[in-house]
Undergrad: 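Before I ask anything, here is the structure I am working with.
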Number of protein chains: 2
Amino acid sequence: MAENREVTIYDIAKHLNISAATVSRGLKNSPSVNKNTRKKIAEAAVELGYQSNTFASSLRSKSTHTLGVLVPRLNSYFMSSVLAGMENAANRHGYNLIIAQSLEDAEKEKLNAATMFNKRVDGLLISLSYDTQNINHLEPFFKRKIPVVFFDRVHPHNASTSIVINNYGAAYNITKHLIDQGCRRIMHLGGNVLRNVYKERFDGYRQALKDHDLSFNEKMHFISTLSEKAGAEAAKHILNLTAAKRPDAVFSANDTAAVYCMIALKTAGLRIPEDVAFAGFNNDPISKVIEPNLTTVDYSGDTMGNTAVTNLINHLKGISNLYSTNSITLRADMIIRASSLKKG
Amino acid sequence: MAENREVTIYDIAKHLNISAATVSRGLKNSPSVNKNTRKKIAEAAVELGYQSNTFASSLRSKSTHTLGVLVPRLNSYFMSSVLAGMENAANRHGYNLIIAQSLEDAEKEKLNAATMFNKRVDGLLISLSYDTQNINHLEPFFKRKIPVVFFDRVHPHNASTSIVINNYGAAYNITKHLIDQGCRRIMHLGGNVLRNVYKERFDGYRQALKDHDLSFNEKMHFISTLSEKAGAEAAKHILNLTAAKRPDAVFSANDTAAVYCMIALKTAGLRIPEDVAFAGFNNDPISKVIEPNLTTVDYSGDTMGNTAVTNLINHLKGISNLYSTNSITLRADMIIRASSLKKG
DNA sequence: TTGTACGCGTTATCAG
DNA sequence: CTGATAACGCGTACAA
């Protein structure tokens with residue numbers, strides 16, 4: 001009794017005594033189909049409960065209207081903003097997103113990339129995992145000229161677009177801001193310098209020190225995964241230093257580490273910003289909740305997601321000028337809050 | 001020069017002088033293929049750079065190994081945890097996720113559901129938008145017996161599984177906790193009671209009041225979208241009340257509203273918890289950063305995402321007992337922190 | 001264990 | 001403007 005076959009364009013065709021080809025065209029509102037016929041087709045489609053079969057279409061047309069998104073982790077405020085921005089832009093243009101996370105594991109990234117390729121995504125958006133060294137796993141995309149857009153954690157590749165912020169400049173400015181506040185011993189909580197973002201933030205920080213005749217030594221560069229725990233460990237490290245060696249400011253490559261470092265120092269009785277001033281990165285919600293509020297860099301995930309997808313889709317539609325720059329740098333302005341404002 | 005055709009099983013077949021059927025079987029490691037042949041096929045696949053075409057396969061096998069995920073918003077801590085949990089479980093079982101957000105708009109939810117259906121997802125995971133009234137838009141799924149799993153913001157539907165926490169119980173307990181602390185005038189910051197989660201939290205709160213002979217009046221129920229702004233507005237509302245009418249505690253249906261309400265009250269000079277005690281919901285990162293730390297309900301998005309996907313996949317694999325309960329309630333324990341601990 | 005032959009639902013091509 | 005037909009790449013009865 002319960003008929004379980006798909007309703008296809010043939011059913012519509014039979015119903016209207018026309019050919020499937022015309023139905024196919026009509027459903028896409030092709031102007032080469034009689035207006036009246038188009039209307040009839042649309043009505044019959046509703047009446048019969050027709051639902052187009054996307055992958056039968058994909059098989060024929062060789063385009064899926066699906067974009068692959070491959071990120072290190074899904075559960076961070078920044079990344080969820082990126083995804084929200086991407087979904088928005090994609091939806092607006094009739095594209096869908098298929099999303100996977102590498103969990104910072106190069107091997108998983110490789111597998112996910114293969115899956116995305118097998119699903120024949122029309123384009124790939126990727127932010128590299130913590131320990132990805134090369135991008136050989138993206139070769140299939142390059143070979144078949146499937147556009148790849150890197151964002152945030154990028155990799156130089158001359159045929160792909162990269163969407164980044166000026167990490168170097170932001171780090172330079174925020175470090176300079178700390179210096180302007182009178183800080184002289186500024187510690188940096190950084191990430192793996194293998195990744196562009198952390199290297200550039202570190203470089204910007206170091207250059208700012210240099211330009212202001214402040215010495216730098218490796219002990220002031222605390223490398224970690226920038227997690228809550230890492231922030232607390234950085235605090236422990238700081239508290240173990242003699243007063244003379246203790247930093248009078250900390251610039252962290254993300255807000256999480258900064259905030260949990262602040263909390264631990266506060267618990268230990270240090271005053272912020274008087275004893276140690278703080279600056280972070282990302283403008284995560286916690287930066288507005290911690291007391292004193294954290295000075296940080298307003299890194300908009302939403303804008304980055306939007307830009308990445310829009311760029312990719314323009315490329316797919318052949319709108320973008322291929323000879324235009326293939327690296328887009330988004331603004332990311334410093335937000336000055338109390339945690340970095342030394343008194344007197 | 002640059003050959004741009006797909007490498008297909010036919011290419012492998014020709015290369016090895018065998019039939020495409022054997023290649024097809026061999027690639028899936030079918031035991032009905034000679035081991036040696038299988039090895040040769042695998043090698044040739046690599047050599048020729050073969051990449052299986054998922055949707056050609058899907059067209060034939062009528063299964064996509066793709067799950068649709070439809071959520072109100074992507075950019076919240078809770079939801080990104082859910083997605084992370086889902087992606088993990090899905091990946092583990094060889095499934096992919098295609099994700100869309102309704103932006104709390106029933107109309108968009110409808111469109112997205114249609115897209116998911118057209119992409120022939122093997123199953124759908126959905127948390128309803130703020131203003132979704134009915135689930136007619138899911139009929140195509142029900143008709144074709146494509147399993148739908150509701151989570152968090154659910155809808156009663158006898159053929160679908162719902163994954164929820166005990167919102168009523170958690171709200172009851174946390175309200176009771178406030179009462180035990182000596183609070184007598186407890187205000188509730190709630191969401192739209194059309195949605196089960198907000199209705200149940202409201203009901204639990206009210207029942208706790210009743211069981212302790214505390215009166216309730218509608219003025220103590222502040223309904224909003226529970227955003228940052230809404231939290232601040234609730235604070236304004238509270239500050240406008242005369243001292244006699246002012247609540248001595250606030251139970252908010254999420255942490256965001258609670259925290260921004262706290263901040264505004266603190267700025268106005270009120271002491272927390274002495275003047276107004278606080279409790280929230282979700283265990284969002286900001287609840288651990290605000291001072292005093294916010295008492296809240298530990299609602300694990302990760303667990304919910306994992307459970308939802310695992311349940312769905314078990315169903316798809318026919319493992320689950322269809323006669324078992326179709327509603328799964330996850331634990332969500334209260335976390336007591338300083339914001340609710342009245343002194344003396 | 002392997003091969004033959006067909007069909008999944010759609011779209012492109014060409015002819016009318 | 002419409003129709004007939006082939007083809008996209010793969011999986012699977014059925015036969016050998």
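Everything numeric in this text was worked out from a predicted model, so none of it was measured. Just so we're on the same page: letters track the sequence lines, and every chain starts at 1.
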Undergrad: Find every protein N or O atom lying less than 3.5 Å from an N or O atom of nucleotides 14-16 of chain D, and list the pairs.
TA:
none

Undergrad: Grab the CD-P distance between B:Q51 and D:dG9 for me, whole Å please.
TA: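 One finds 14 Å between P of D:dG9 and CD of B:Q51, rounded.
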Undergrad: Looking at B:K28, does any N or O in its side chain come under 4.0 Å of the phosphate oxygens OP1/OP2 on D:dT12?
TA: yes
Undergrad: Assess whether side chain to side chain contact (heavy atoms under 4.5 Å, CB included) is satisfied between A:I126 and A:L128, documenting all intermediate values.
TA: CA-CA 6 Å; A:I126 184 170; A:L128 299 173; 3.9 Å; yes
Undergrad: Expressed in angstrom and rounded to an integer, what is the separation of A:I9 atom CD1 from C:dG7 atom P?
TA: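 Value for this atom pair: 17 Å.
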Undergrad: For the pair B:V149 and B:L124, evaluate side chain to side chain contact (heavy atoms under 4.5 Å, CB included) and give the outcome as yes or no after the intermediate values.
TA: CA-CA 6 Å; B:V149 170; B:L124 181 69; over 6 Å; no
Undergrad: Checking A:R195 side chain against A:S129 main chain: does a donor-acceptor pair fall under 3.5 Å?
TA: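 Looks like yes, one N/O pair under 3.5 Å.
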Undergrad: Without decimals, in angstroms, what is the distance between B:L16 CG and C:dG3 C1'?
TA: 15 Å
Undergrad: Assign A:T8 to base, sugar-phosphate, or nothing according to its heavy-atom contacts below 4.0 angstrom with the strands shown.
TA: sugar-phosphate
Undergrad: When we call it a touch if two heavy atoms are under 4.0 Å apart, what does A:S32 touch: a base, just sugar-phosphate, or nothing?
TA: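 It contacts base atoms.
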Undergrad: Does a nitrogen or oxygen in the side chain of A:S24 sit under 4.0 Å from OP1 or OP2 of C:dT11?
TA: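 A:S24 to C:dT11 OP1/OP2: side-chain N or O found under 4.0 Å.
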Undergrad: Does A:E47 come within less than 4.0 Å of A:K40, counting only side-chain N to carboxylate O?
TA: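 Salt bridge absent between A:E47 and A:K40.
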Undergrad: Are A:R120 and B:E6 close enough for a salt bridge, meaning some N to O gap below 4.0 Å?
TA: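 Yes.
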Undergrad: Report yes if at least one side-chain N or O of B:S61 is closer than 4.0 Å to OP1 or OP2 of D:dG11; otherwise report no.
TA: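 No, B:S61 has no side-chain N/O under 4.0 Å of OP1/OP2 on D:dG11.
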Undergrad: Does a side-chain N or O from A:T37 land closer than 4.0 Å to OP1 or OP2 of D:dT2, or not?
TA: yes
Undergrad: What integer distance in Å separates B:L59:CG from C:dT11:P?
TA: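 In whole Å, C:dT11 P lies 12 Å from B:L59 CG.
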Undergrad: Under the 3.5 angstrom rule, does the side chain of B:N112 hit a backbone N or O of B:K108 as a donor-acceptor pair?
TA: yes
Undergrad: For B:D11 and D:dG9, give me the distance from atom CG to atom C1', rounded to whole Å.
TA: 11 Å
Undergrad: Can you work out whether B:P31 or B:A56 has the more 5'-proximal nearest nucleotide on DNA chain C?
TA: B:P31
Undergrad: Once hydrogens and angles are ignored, does a donor-acceptor distance under 3.5 Å link the base of C:dT11 to the side chain of A:R60?
TA: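 Present.
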Undergrad: Can you identify which nucleotide, out of D:dG3, D:dC10, C:dT11, has its nearest atom closest to the B:Y50 side chain?
TA: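 Selected nucleotide: D:dC10.
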Undergrad: When the distance from CG of A:N53 to P of C:dG7 is rounded to whole Å, what number comes out?
TA: 18 Å
Undergrad: Any base atoms under 4.0 Å from B:S58, or only sugar-phosphate, or nothing? Heavy atoms, all strands.
TA: nothing
Undergrad: Give the nucleotide from the list D:dC10, C:dG3, C:dT10 with an atom nearest to the side chain of B:T22.
TA: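 Nearest to the side-chain atoms of B:T22, counting from C-beta on, is C:dG3.
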Undergrad: Whole Å only: how far is the CZ atom of B:F55 from the C1' atom of D:dC8?
TA: 9 Å
Undergrad: Rounded to whole angstroms, how far apart are CG on B:N17 and P on C:dT4?
TA: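 After rounding, the gap between these two atoms is 11 Å.
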Undergrad: Could you give all pairs that pass the ring pair (Phe, Tyr, Trp, His ring centres under 6.0 Å) test and reach residues 108-131 of chain A, with sequence neighbours left out?
TA: A:F117-A:F141
Undergrad: Answer yes when A:E104 and A:R153 have at least one side-chain N-carboxylate O distance shorter than 4.0 Å, and no when they do not.
TA: yes
Undergrad: When you get a sec, tell me which of C:dG3, D:dC8, D:dT2 is the closest nucleotide to the side chain of A:K62?
TA: D:dC8
Undergrad: Taking OP1 and OP2 of D:dG3, is either one under 4.0 Å from a side-chain nitrogen or oxygen of A:S19?
TA: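 Yes, within the criterion.
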Undergrad: So which nucleotide from C:dT10, D:dA4, D:dG11 ends up closest to the side chain of A:Y10?
TA: C:dT10
